[in-house]
Structures are given as structure tokens and as C-alpha cells.
Amino acid sequence: MIRFWLIALAMFAAAGPARAADRLNVVASFSILGDFVRNVGGDRVDVTTLVGHDSDAHVYAPTPSDAKKVADAKLVFVNGLGFEGWLPRLVKSAGGKASVVTATTGIAALKRDSQADPHAWQSVANAKIYVANIRDALAAAAPADAEGFKSRAQAYLADLDALEREVRQAIAKIPESRRKVISTHNAFGYFAAAYGVEFIAPLGVSTESEASARDIAGIITQVRAARIPAVFLENIADPRLMGRISAETGARVGGTLYSDSLTGEKGDSPTYIAMVRHNIKALTSALSP
Ligand SMILES: [Zn+2]
């Protein structure tokens, strides 16, 4: 298996396409981070994303072509906080000289069940820290383009400030007693802490293990006792579990929340800003009386 992998890697290396020589070649581990890097890097950076849209980065299995992408990159942007458990091995086996940049550096991590919660991007204030880290790493790697990265980051940070205001205004319209929802996995801890919406989930901060019958029974009891108005699907998770909870409790399915992945270009959340807007729209329309 390993031998096959190395041969495949060598073949990719031989056949790899030529890249624009003067642009910085970087990798982002997943789609949301890739969007941040594109916004800061603009046309001075070639960004490749490993975990594609509508895919689950918690349980991703890297391919030989991912190793090739990492081997070719100058920087590899990762979320950290235990999100990409598969990444250190990939970077090691790729054998490249890429520097790994942890985009959550400086963010106060939330803990749940003694595990760090990796979904820091779900608070827009945290997204701004990701962007600042990306700006600084790009500027250090390509000093000639540093001014461009700074001005692009500044414009994008202003967009994020506007987005933060939008989120707060939208949540303020939901009566406080109705600000509680069920999602598939615990991906909205930072959103909950920042904006005051309570999230309960049958799965933990990772999607690696399945919900037990006891977990599901516990959620059903909570939904009934707390009169939780809506359950939400996620684009990276099987919808059947939420369908069952909805059927047993009468809480309606409020649509899909995007937690860990953007959609493709033609979907309704192809960028981080579109994703956050989609989520607050889904929340406000499901939770308003
Ligand atoms: Zn997640």
C-alpha cells in the first residue's frame, strides 16, 4: 500500500502542471480557510484546497495528489485545534519544505468534554483573527507583495465587520426564549458563545464517532423539555438522524446550516460571507414565532 502510494506520488510529481512562476503557491486544508486565503492573496497567490466543498474535514482521507499539492506549496494553511488530524502525516510523507501556518493562532479556544473545539471560524470576530494571521504569513513569505496583501486584508476585514453587525441584528430579532436549535454535530459552539443562540447536538465536536441510541434519546428528551423549535441539517452529515429527531419531537426541520464546509460555486454558500448570511437567514426564519 505504502509502496503504491510512493509510486503514485512520483508519477504525479513527474506529470505536475507548471505553475505561474512568480505567484506564491499555497495550500489550505479546507474550503472555508481557502476562501480566507483567496480573499487576502488575490491574484498574487495560487490557492489549492485539500478537502473540497460539501466534504467533512474531520474524517478526510488524503490522496496521493494531496501529497503532491503539499510538496509543491510554500505555505500550508491549517485550522489547527485538532481539526485536521490527518494533516501532520500528510505533510511528513509529502517531504516538502512547506511551512505549516496555523490560522487559529491567538484565538481563545473553547473546550467541550476536555477536547478543544476546532470550529473557531463560526464567530466572525475569530474569522478576523484568521485573516490577520493569513495576511502576516503571506507577507512574510512574499515580502514584495506585502503591501497588496495588507490592503486586500483591510478591505476584507471591513466586510467582516459589516457581517458581524448583520449577524447581531438578525439574532436580536429572534425572541430570546426561541434562540435554541439542534444541529448534527457540535460545530456552533463559537457562534453560540458570540451571539447567544443555544445549540445542542447528538454528535461531539468531531464527526468521527456516531451518536449512540442513548445520545439520541437524551436529545429527544431535551428537545421536548426545552421546547426547541427547530432542528437543522448540515451539508457534511447524513440527514436521517435529524429527520428522526424531528419526527419524534415535532420540532421542524429548519433547513441546512453550513458548519465545516462551503458549497460549490453554484450552491448557496460558495464563500464564508455567503455561508454566514445563509445560516443567519435559516436561523431567523426557523426560530421566529
Ligand atoms: Zn465539525
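Remember, it's 1-based here, ligands and their atoms both numbered in the order they're listed. Remember, predicted model here, so these are calculated numbers, not experimental data.
In this structure, Ala187 and Ser259 approach most closely via the heavy-atom pair CB-CB, 3.5 Å.
The aromatic rings of Tyr258 and His278 are tilted relative to each other, their planes meeting at an angle between 30° and 60°.
Of all protein N/O/S atoms, those under 2.8 Å from the Zn ion (ligand 1) are His58 NE2, His119 NE2, His185 NE2, Asp260 OD2, and waters are not counted.
The hydrophobic cluster analysis finds Ile236 isolated: no Ile, Leu, Val, Met, Phe, Trp or Tyr side chain comes under 4.5 Å of it, directly or through other members.
Phe30 and Phe83 have their aromatic ring centers within a separation under 6.0 angstrom.
By the side-chain hydrogen bond (donor to acceptor under 3.5 Å, both in side chains) test, Asn39 is found to be paired with Asp35, residues two or more places apart in sequence or in another chain being considered.
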Pairs under 3.5 angstrom only: tabulate donor-acceptor contacts from the side chains of residues 221-231 to other protein residues two or more places apart or in another chain.
| residue | atom | partner | partner atom | Å |
| --- | --- | --- | --- | --- |
| Thr221 | OG1 | Ala217 | O | 2.9 |
| Arg224 | NH2 | Glu248 | O | 2.6 |

